[in-house]
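Atoms within each ligand, like the ligands themselves, are counted from 1 in listed order.
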Amino acid sequence: MKTDYLEQARKVKNIIPDVVKEALRVPEDISVSEWADRSRILNAITSAEPGRWNTSRTPYLQGVMDAFSDPYVEEITVMAASQVGKTEAMCNMLGYLIDQDPGPTLMVLPRSDDAKSVSQNRVFPMIKMSPALRRHLPVLSDDITKLEYHLDRMILYFAGSNSPADLASRPIRYLFLDEVDKYPRFSGREADPIKLASERQKTFWNKKTVKVSTPTTKEGYIFREYERSDKRKFYIPCPHCGKYQILVFAQIKWPSDEKDVEKIKTERLAWYECCHCGKRIEDYQKNYILTRGKWVSDYAEIDKFGNVTGDNIKSRHKGFWINSLYSPWLTWSDIAFEFLRSNNFIELLMNFVNSWLAEPWINKAHETMPEFIKQKICFYPEGLVPDGVMVLTAGVDVQKDHFYLVIRGWGVGEESWLIRACRAESWDDVISILFKTGYKRVSTGEIFNVRLACIDSGYRTDEVYDVCRRWIHLAKPVKGNEHLPIPYRISHIDRNPKGGTLKSGLALYHLDVSHYKDKINRMVHAEPGDPSQWHLFDHPSDEYITQFCSERKIIKINKKTGRSHEEWRLIQQGASNHYLDAEVYAVAGADILKVWQLRKDEIETGNVYIPQPKRKESSWDLMINNQQRWL
Ligand SMILES: [Zn+2]
């Protein structure tokens, strides 16, 4: 009886077609990296190192790839530099699922053309090169088109994020989103392409989504997704002291006196300095440190000896961050060279920060858009003083044959109103607008004069000094600097006959321009209810608006220290920013007068508070007398 049964089973087995047997095949107990080491073959066209895939070449990719074969993980986010092998890791996941755990799959790229190119140049050659994958190709060549592969046990679709029709059709189990930060911004009328694609996974309990990209900004998709994940970083031990750390650009060092940038690259002058012991980690030691690396979530802890505590394994959404310092194909000097080459050009530097350091670029709040600044317009005409203003200051930007002037009114809590913004052609015009014109408050008829004008002395310096000497209590020469330890500092220009400083003479004010631009930016973006509101008069010129919005804040990296800091730069090279400069000087003027001391009760009692200047010689009485001469 038993024999009959076995005989029958054997017969049945023989009549099951191979296709069905293949379909019923259970996945082997194997990870993506094990599968890739066994079955993936790289071709010479797309790979720098053709031949059999070797995970030990890029040990950090093991954790990334194996997250895919972990049944507990649903989402994988990879925020990575461009030369670390992230695309190959994704191809390995794709190869693994085709061979081991098939299911309908969609791969989304920024545009349809990118999708076709990846299908033709990457995925199809990968399938053809590896016997383990080739056996899943269909018999009929019609079953393979550029955007759709009907393989033996699954369908693989490719789509551009710009074609909603391709994203929204059939159900899928696996979703690959490549270069997500390059997806065109969707307009409000259409659906978000990423949402549209992930809607299709709803029916699968064992779905998986892989998102890969170099970052762009903090508002970009990949950075936001990484923040949502368990945020893993790759810790490596120092070959000298054995203490664990992540690789960061600030620790790449090179001889600071070396002026020849090319030489740093060709002679490999850069090294990595261990943040614990300060010893040099050389390029040849990279393989040693990488093979001993560990992925550690921000929610777990790793001490300097590599002991991990906390929950480092269980997470449905694993996020991985890899910068180009981990790449086995780049030396420390390659990275230092790329930085030095890029540092003076915004576009290149942006690319360095995004594609090499895998860090997001500037915070958009540091950029003021013309549409936004127009919301600050109030209904009062240019040249009249609204209620609330207690003091006027002015800023003058000096050009070769003309000037840009801004007059600003100040009230309690540094609330500020633009009173005038204009161009003047001569010094006579400047003096007339600043010191010989009274500005009237509509409600009371009260006349206001400019209490302090800050005039840029970086250009036509002698003329500026002459004017400031003539109007010594009302005008100060100023000079812009980057990053002073204090907002402004004073140096005395005039000397007494013995060569000592003449304290009653002319003083030059050195301004920390970044500080005042930050201040303006804060005031412009003040929350409702915040006292330091920023107002514009009705119908400011387009020129004023454009120039006011001409700069944004970027991350700049110090060549010597490798540390990053933020700096204001023109958005478009060659654009004009004269009105912005004039605003900086007017705001500095308010700071010099200490308008932040203005108090509300003094308006109500009619006792307008007169801020006291720092130095005795600038007597306010004298200044007021001076003004009255012209009224
Ligand atoms: Zn060390």
Side-chain angles (χ1 to χ4, degrees), residues 54-64 78-81 83-86 226 230-258 261 263-313 319-340 343 352-353 356-359 555 557-565:
N54 183 358
T55 304
S56 67
R57 194 77 178 98
T58 47
Y60 50 86
L61 289 181
Q62 184 176 355
V64 179
V78 186
M79 179 165 80
Q83 302 190 54
V84 294
K86 61 182 191 305
Y226 179 75
D230 67 354
K231 299 199 265 188
R232 281 158 192 272
K233 297 187 178 77
F234 200 64
Y235 286 78
I236 53 93
C238 167
H240 308 289
C241 65
K243 292 178 182 168
Y244 276 74
Q245 57 204 290
I246 54 170
L247 292 177
V248 290
F249 179 65
Q251 294 304 108
I252 294 187
K253 311 284 173 183
W254 55 90
S256 54
D257 52 347
E258 183 53 68
V261 173
K263 208 172 148 189
I264 292 177
K265 181 174 172 155
T266 51
E267 296 186 13
R268 295 196 175 182
L269 298 179
W271 67 94
Y272 192 90
E273 190 180 283
C274 168
C275 69
H276 297 294
C277 69
K279 285 195 182 143
R280 289 182 179 209
I281 304 177
E282 303 289 352
D283 288 313
Y284 73 86
Q285 291 169 313
K286 211 174 204 175
N287 190 45
Y288 172 91
I289 58 173
L290 290 182
T291 47
R292 285 157 183 80
K294 290 178 183 180
W295 280 108
V296 182
S297 157
D298 273 8
Y299 300 105
E301 264 179 59
I302 178 169
D303 65 14
K304 51 192 178 184
F305 306 106
N307 303 313
V308 183
T309 47
D311 198 0
N312 194 36
I313 306 296
F320 300 91
W321 172 77
I322 318 160
N323 64 28
S324 63
L325 276 74
Y326 292 96
S327 170
W329 302 286
L330 294 170
T331 63
W332 309 127
S333 301
D334 288 336
I335 298 163
F337 170 77
E338 182 62 23
F339 162 69
L340 291 169
N343 198 22
F352 179 76
V353 170
W356 290 64
L357 302 187
E359 304 266 9
I555 299 163
I557 301 162
N558 185 301
K559 287 180 192 176
K560 282 185 184 153
T561 62
R563 295 248 157 80
S564 64
H565 64 268

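At a cut-off of 2.8 Å, His276 does not coordinate the Zn ion (ligand 1) through any N, O or S atom. Backbone or side-chain N, O or S atoms of Cys241 reach the Zn ion (ligand 1) at under 2.8 Å.
Seen from the ring of Trp271, Lys279 does not count as a face-on cation partner, given the 6.0 Å and 45° thresholds.
We find that Lys263 and Glu258 are joined by a salt bridge, their nearest charged nitrogen and carboxylate oxygen being less than 4.0 Å apart.
Pairing each heavy atom of Asp334 with each of Trp356, the nearest pair is O-CZ3, 4.1 Å.
The angle subtended at the Zn ion (ligand 1) by SG of Cys274 and SG of Cys238 is 100°, given to the nearest 10°.
For the side chain to side chain contact (heavy atoms under 4.5 Å, CB included) with Leu247, the qualifying choice from Tyr326, Tyr235, Tyr60, Phe234 is Tyr326, the only one to do so.
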